[in-house]
2 protein chains.
Amino acid sequence: MPDESERRELVLLLRRLSVELDAVSQRFAEEHGLGRTDVRALVAIMDAARRGEALTAGRLGEAVELRSASVTALVDRLERVGHVRRVRDPEDRRRVSLQLSDTARTAGAEHFGGLARDLIAALEGYTDEELAVVHRFLVDMTTTTMRHARETPPSS
Amino acid sequence: MPDESERRELVLLLRRLSVELDAVSQRFAEEHGLGRTDVRALVAIMDAARRGEALTAGRLGEAVELRSASVTALVDRLERVGHVRRVRDPEDRRRVSLQLSDTARTAGAEHFGGLARDLIAALEGYTDEELAVVHRFLVDMTTTTMRHARETPPSS
DNA sequence: GTCGATTATCTCGATCGTCGAGATACTAGG
DNA sequence: CCTAGTATCTCGACGATCGAGATAATCGAC
């Protein structure tokens, strides 16, 4: 097994990639006068919308790890600049579902969608077998990382 | 080219992985009573140390995208809890290089080193050819992402 | 209809980031 | 040497954000 150093380098490359992805979010924040948390929230809402479900304030708080008070202030900010709208759930009127405005949707599509398009384009030269390897790699990294993210496992 | 959807899913998996990696940092922050920015700074300092160079306050500000005044407050916080030390550069006494304390180094190694170890272990079942594919993938994704992170390219 | 549980909001204190001004130290030119 | 110019870091004040606890509105169960 002489490729220990190669595997180690892969992990470093992965961290570097994560840093660069973070920088993309940061640039989006700067361009639109938003904070780092605001972008995280918008991404969470967009992700939920992609899955077909409208996020409520509470769920958003769980997604971005914020207390309910901060979520209220957060939604206030986003609503003030016209990125989201508060919509009372008619079935359960305690709930407030968050709906993206068209401007936010297009802005997000412009920025992140453009990156996604380029990333997909960069994968054109890969064969099906290679894509399968990458898929396995991503799944393995994600599951391993999730174990650490949930809670520090007793390593002993 | 029937694998358009596969490539699209790979990008989604990559974003999900990025989110989970972020959650690891968040957990580290909670466990040690630090803010999100503080962790980013510590990681930047550790990365620089890994490359053999001691980060100055100014460079750290560039790395985490903060103004010099914020860097001062940031280093104040980290120094107060004993994670870094300010060291005047004897050659250029305007500069303040930041040195990690042993406690911070061990804490970081415990948390992120543990994750890195598990990630490397998860790659044991990969052949050299597969690792090469992953390497190419990571480089391609990083270069493509960096173009977007630097500045929004005129897409027209 | 009343009681407990859930959801979002409000208020307050503490923390974080930025702006402007200032202090210290290096560098170049006379 | 010494002055001006530049670079790096620090300090004080202000605005914005986050977390804890209390409050209001709504739902479900009895």
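Quick note: numbers below take in every heavy atom, side chains included, and nothing from hydrogens, waters or symmetry partners.
- Just one residue in the list B:L98, B:D47, B:T37, B:L100 forms a side-chain contact (heavy atoms from CB on, under 4.5 Å) with B:L42, and that residue is B:L100.
- Backbone-only contact: A:A57 has heavy atoms under 4.0 Å from sugar-phosphate atoms and none from a base.
- Two residues, A:R67 and B:S97, neighbour DNA chain D, and the one matched to the more 5' nucleotide by heavy-atom proximity is B:S97.
- Across D:dT17, D:dA20, D:dC9, the shortest atom-to-atom separation from the side chain of B:T72 is found for D:dC9.
- Listed nucleotides C:dG20, C:dG17, D:dT17 differ in distance to B:A69; the shortest reach to its side chain belongs to C:dG20.
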Between B:E130 and A:R136, is the salt bridge (charged side-chain N to carboxylate O under 4.0 Å, His left out) condition met? List the steps. CA-CA 10 Å; B:E130 289 169 340; A:R136 179 156 65 100; 3.0 Å; yes
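- In this structure, B:R59 places its CZ atom where only 12 or fewer heavy-atom neighbours from other residues, nucleotides or ligands lie under 6.0 Å away.
- Summarising the geometry, the separation between CG on A:L74 and P on D:dG19 is reported as 11 Å, rounded to the nearest angstrom.
- Counting to the nearest Å, the C1' atom of C:dG17 and the CZ atom of B:R40 are 13 Å from each other.
- OP1 or OP2 of C:dA8 sits under 4.0 Å from a side-chain N or O of A:T56.
- Ring geometry, A:F137 versus B:Y126: the interplanar angle exceeds 60°, so the pair is classed perpendicular (tilted spans 30 to 60°).
- Atom C1' of nucleotide D:dA7 and atom CZ of B:R59 are separated by 12 Å, given to the nearest angstrom.
- Nucleotides of DNA chain D nearest to B:V71 and A:R80 differ in position, and the one nearer the 5' end is that of B:V71.
- Rounded to whole angstrom, the span from the CZ atom of A:R36 across to the C1' atom of C:dC16 amounts to 13 Å.
- If you measure from atom CG of B:D38 to atom P of C:dT15, you get 13 Å, rounded to the nearest angstrom.
- Note on A:R86 versus A:D76: salt bridge recorded, some NZ/NE/NH1/NH2 to OD/OE distance being below 4.0 Å.
- In this structure, CG of B:L60 is placed 11 Å from P of C:dG17, rounded to the nearest angstrom.
- Taken residue by residue, residues 85-96 of chain A places heavy atoms nearer than 4.0 Å to DNA chain D at A:E91, A:D92, A:R93, A:R94.
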Step-by-step side-chain contact (heavy atoms from CB on, under 4.5 Å) determination, A:R36 to B:R36: CA-CA 10 Å; A:R36 181 178 302 271; B:R36 181 177 301 271; 4.0 Å; yes
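- Following rounding to the nearest Å, A:L34 (CG) and D:dT17 (C1') show an atom-to-atom distance of 14 Å.
- Rounded to whole Å, atom C1' of C:dT7 lies 14 Å from atom CG of A:L55.
- Across all strands, B:G35 comes closer than 4.0 Å to no nucleic acid atom at all (heavy-atom distances).
- Classification of the B:F28-B:F112 ring pair by plane angle, with boundaries at 30° and 60°, yields tilted.
- You'll find the side chain of A:M141 reaches within 4.5 Å of the side chain of B:L123, heavy atoms only.
- Contact check, A:S68 against C:dA8: no side-chain N or O comes under 4.0 Å of OP1 or OP2.
- At a threshold of 4.0 angstrom between heavy atoms, the contacts of A:L66 are confined to the sugar-phosphate backbone, with no base atom among them.
- At D:dC18, one or more side-chain N or O atoms of A:T37 fall inside 4.0 Å of OP1 or OP2 (strictly under the cut-off).
- Here the nucleotide nearest the side chain of B:D76, chosen from D:dA20, D:dC11, D:dC18, is D:dC11.
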